[in-house]
Amino acid sequence: MNTFEKVYKVVLKIPRGKVLTYGNVGIVVGVSPRVVGYAMHANKNGKIVPCHRVVFRDGSLTEGYAFGGKDVQRKLLVNEGISFIGDKVDLESHLLRG
DNA sequence: CCGTTGACCAGGC
DNA sequence: GGCCTGGCCAACG
């Protein structure tokens with residue numbers, strides 16, 4: 001099992017309408033948050049893992065998103081029923097905590 | 001094998 | 001509340 005696959009597996013387990021932070025995925029997988037971000041970057045195709053359900057600890061998104069940018073990512077999240085506070089995800093309501 | 005590079009996060013100013 | 005710094009760890013050259 002590669003480190004990427006472990007990250008992908010956890011991200012795939014995120015239910016619709018919920019989000020996780022990079023650091024949270026890192027804790028579950030057992031790697032540093034940087035590695036999670038690296039794995040997401042490797043997934044820049046966006047066809048393998050719903051990386052739009054992974055956001056910053058702050059609830060903010062990323063500029064270099066695979067599908068085109070944070071605007072596209074925000075649209076995808078809203079499409080799944082996730083609400084936003086300004087330019088950030090409403091973590092209080094949608095952060096998946098285990 | 002070593003140095004650099006990140007889609008990060010927390011702390012200090 | 002924005003910006004910088006240190007720590008973190010796998011992938012790349």
Side-chain angles (χ1 to χ4, degrees):
Chain A
M1 181 79 79
N2 296 329
T3 305
F4 286 171
E5 292 187 17
K6 287 194 276 191
V7 175
Y8 295 155
K9 182 179 270 187
V10 172
V11 176
L12 283 166
K13 283 162 72 170
I14 303 174
R16 184 173 181 273
K18 291 289 180 183
V19 297
L20 273 180
T21 67
Y22 293 96
N24 215 301
V25 175
I27 292 168
V28 175
V29 176
V31 299
S32 187
R34 314 288 310 241
V35 179
V36 178
Y38 202 99
M40 295 288 95
H41 194 159
N43 180 48
K44 63 181 167 196
N45 295 296
K47 296 183 173 185
I48 309 178
V49 174
C51 27
H52 58 269
R53 291 184 190 153
V54 185
V55 299
F56 277 59
R57 198 66 165 93
D58 196 43
S60 53
L61 308 179
T62 178
E63 188 65 49
Y65 185 61
F67 294 153
K70 51 190 173 189
D71 295 307
V72 179
Q73 185 175 3
R74 182 169 67 245
K75 187 182 269 186
L76 286 170
L77 291 170
V78 172
N79 227 331
E80 295 192 351
I82 294 171
S83 59
F84 272 72
I85 301 174
D87 286 343
K88 299 178 186 175
V89 177
D90 184 4
L91 294 176
E92 293 292 323
S93 301
H94 301 294
L95 180 61
L96 181 63
R97 41 196 183 281

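So you know, we letter chains A, B, ... as the sequences are listed, proteins then strands, and number each from 1.
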Regarding A:Arg57, tell me which of base, sugar-phosphate or nothing describes its non-hydrogen contacts under 4.0 Å with the strands shown. sugar-phosphate
Closest contact, heavy atoms only, A:Ser60 versus A:Val55: O-CB, 3.7 Å
Name every residue in residues 3-19 of chain A that has at least one heavy atom under 4.0 Å from any atom of DNA chain C, in order of residue number, or write none if there are no such residues. A:Thr3, A:Phe4
A:Leu91 and A:Val19 have their tightest heavy-atom pair at CD2-CG2, 3.9 Å
Contacted region of DNA chain C by chain A, from 5' end to 3' end of the hits, cut-off under 4.0 Å to heavy atoms, spans C:dG7 to C:dC12
Sequence neighbours left out, what passes salt bridge (charged side-chain N to carboxylate O under 4.0 Å, His left out) with A:Asp90? Give chain and number order. none
Kindly give the heavy-atom pair with the smallest separation between A:Pro50 and A:Leu12, and that separation in Å. CD-CD2, 3.6 Å
Tightest non-hydrogen contact, residues A:Lys6 and A:Met1, listed as CG-CG, 3.2 Å
Minimum heavy-atom separation for A:Asn43 and A:Cys51, please, with both atom names. ND2-SG, 3.4 Å
Tell me the closest heavy-atom pair linking A:Leu95 and A:Leu20, and the distance in Å. CD1-CA, 4.1 Å
Ordered by number, residues from residues 59-93 of chain A within less than 4.0 Å of DNA chain C (heavy atoms) are none
I'd like the 5' and 3' limits of the part of DNA chain B contacted by chain A, with heavy-atom contacts below 4.0 Å. B:dG6 to B:dA10
What pairs of residues pass the ring pair (Phe, Tyr, Trp, His ring centres under 6.0 Å) test when at least one of them lies in residues 14-33 of chain A, not counting sequence neighbours? A:Tyr22-A:Phe56
Pairs of donor and acceptor atoms involving the side chains of residues 66-76 of chain A, under 3.5 Å and at least two apart or interchain, shall be tabulated with distances.
| from | atom 1 | to | atom 2 | distance (Å) |
| --- | --- | --- | --- | --- |
| A:Lys70 | NZ | A:Glu63 | OE1 | 2.8 |
| A:Asp71 | OD1 | A:Arg74 | NH2 | 3.1 |
| A:Gln73 | NE2 | A:His52 | O | 3.4 |
| A:Gln73 | NE2 | A:Val54 | O | 3.4 |

With A:Phe84, which residues qualify under ring pair (Phe, Tyr, Trp, His ring centres under 6.0 Å), at least two apart? none
Any residue meeting side-chain hydrogen bond (donor to acceptor under 3.5 Å, both in side chains) with A:Asp87, in chain and number order, not counting sequence neighbours: none
Ring pair (Phe, Tyr, Trp, His ring centres under 6.0 Å) filter on A:Tyr8, not counting sequence neighbours, yields none
Mark yes or no for whether A:Thr21, through its side chain, and A:Asn24, through its backbone, hold a donor-acceptor pair below 3.5 Å. yes
Partner set under side-chain hydrogen bond (donor to acceptor under 3.5 Å, both in side chains) for A:Lys9, not counting sequence neighbours: none
Its dot-bracket string being built from Watson-Crick and G-U pairs below 3.5 Å, with | for another strand and [ ] for crossing, DNA chain C has the pattern .||||||.|||||
Evaluate side chain to side chain contact (heavy atoms under 4.5 Å, CB included) for A:His94 paired with A:Leu77, printing each intermediate quantity in order. CA-CA 10 Å; A:His94 301 294; A:Leu77 291 170; over 6 Å; no
